[in-house]
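These notes concern the structure reproduced below.
Values below: every heavy atom of this structure, side chains too, minus hydrogens, waters and symmetry copies.
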Amino acid sequence: MSKRGYISRYLLILKKLKAKPFCSYEELKSYIDNQVDYLQMRDDTLNIGFSKRTLQRDIREISNIFGIDIEYSKSEKGYFISQSETENMNFQRMIEAFDMFNSLNLAQDLTPFIHIEKRKPQGTENLYGLLHAIKNKFQIKFSYQKFWEDEISNRIVEPYALKEFKNRWYIITKDSKDNSIKSFALDRLTNLEITNKTFLYPGTYNIEQSYRYCFGIISPNDEEPQDIILSFDPFQGKYIKTLPLHDTQQILVDNDDELQIKLKLCVTQDLVMELLSFGDNMKVLKPDILITEIKTAHEKAYKQY
DNA sequence: GCGTTAGTGGCTGGTTGAAA
DNA sequence: TTTCAACCAGCCACTAACGC
């Protein structure tokens, strides 16, 4: 069997148990047989078998490879994924990626109907190296080119964490030059070098807490979060209700005229850019500093015509 | 074509939990 | 406490894929 075959089987097991916990071996077998019938119609190299012994080995391998534990409940007479795993974002992403991978593979003859976004690689080839450096607290060196500058600068930083925002990966670091927290997009980072020099992770620094009131990736440093009140027209409001701008989003008014929401965030450049993208479908009601920023930006844009 | 490797299925004994 | 059913894991043989 090809490697794709048994990896597909692992993911089918996870997918089934996520959708329906406490499946017996027979239920899993039936599900996998059905799925494999369909996959094999498109790819006859996918010769996937599934005996009880194979399931036992798969459970062990899934734990080794993906770190996801599958247990058996005697009272429910079935296998299940431990609850904490199904809530794990990595797990959700893995299942999504698998679905996407299989769909695109199966749909090669449907190419005219699938339009993939053409974008630059995300720089994920450095993920392993960066994770190694974060885990072992090694300083890193790299070359970096900002969007708004042609010049490439060389950086030496202490890597703290990786963060994703709008389909881009960033490394959160402390810059040795000025000791401030900075983020760098992986797709603009080159010549990565992991040094032998170790650093001490500041005990008081908590990345989750630090970015709690940030819209995107720009570090707030010492800035305090503010109450932000926005009013959207009803059409845009529907999108905002289904795709909230931030975890702190609360609905204040929801009627035929507007959707009014409150956010608790630091006013950073990435938040301003996001709000500007709504154009005249959104109005900032609070705070004054943000109203001024948005007004100035719209006025500048108006004067260009 | 041949040898090696890895995945799989089946058999078997040990373990565990529920029921009598 | 004993019995039974089901799972788990070790072992071995088979087979397909892969490299030379």
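- Between D254(A) and K241(A) there is a salt bridge, since a side-chain N of the basic residue sits under 4.0 Å from a carboxylate O of the acidic one.
- OP1 or OP2 of dG10(B) has not a single side-chain nitrogen or oxygen of K52(A) nearer than 4.0 Å.
- Here CD1 of I156(A) is found 13.5 Å from CZ of F199(A). Values are rounded to the nearest 0.5 Å.
- Taking hydrophobic clusters as Ile, Leu, Val, Met, Phe, Trp and Tyr residues chained together by side-chain heavy-atom distances below 4.5 Å, L259(A) shares a cluster with L245(A).
- Atoms CZ (F22(A)) and C1' (dA6(C)) sit 17 Å apart, rounded to a whole Å.
- Between I194(A) and F138(A), the shortest heavy-atom contact is CG2-CB, 3.8 Å.
- Geometrically, K163(A) does not engage Y170(A) in a cation-pi contact defined by less than 6.0 Å to the ring centre and at most 45° from the axis.
- Salt bridge K182(A)/D175(A): present, at least one basic N to carboxylate O contact under 4.0 Å.
- In K20(A), the NZ atom is crowded: over 12 heavy atoms of neighbouring residues, nucleotides or ligands sit closer than 6.0 Å.
- Remark: H246(A) NE2 to Y213(A) OH distance equals 9.0 Å, nearest 0.5 Å.
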Filtered N/O pairs between nucleotides 12-19 of chain B and protein, under 3.5 Å:
from	atom 1	to	atom 2	distance (Å)
dT16(B)	O2	K74(A)	NZ	2.9

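- The distance between atom NZ of K29(A) and atom P of dC7(C), rounded to the nearest whole Å, is 15 Å.
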For nucleotides 8-11 of chain C, list the nitrogen or oxygen atoms of the protein found under 3.5 Å from its nitrogen or oxygen atoms, one pair per line.
from	atom 1	to	atom 2	distance (Å)
dC8(C)	OP2	Y79(A)	OH	3.0
dA9(C)	N7	Q56(A)	OE1	2.9
dG10(C)	N7	R53(A)	NH2	3.1
dG10(C)	O6	R53(A)	NE	2.8

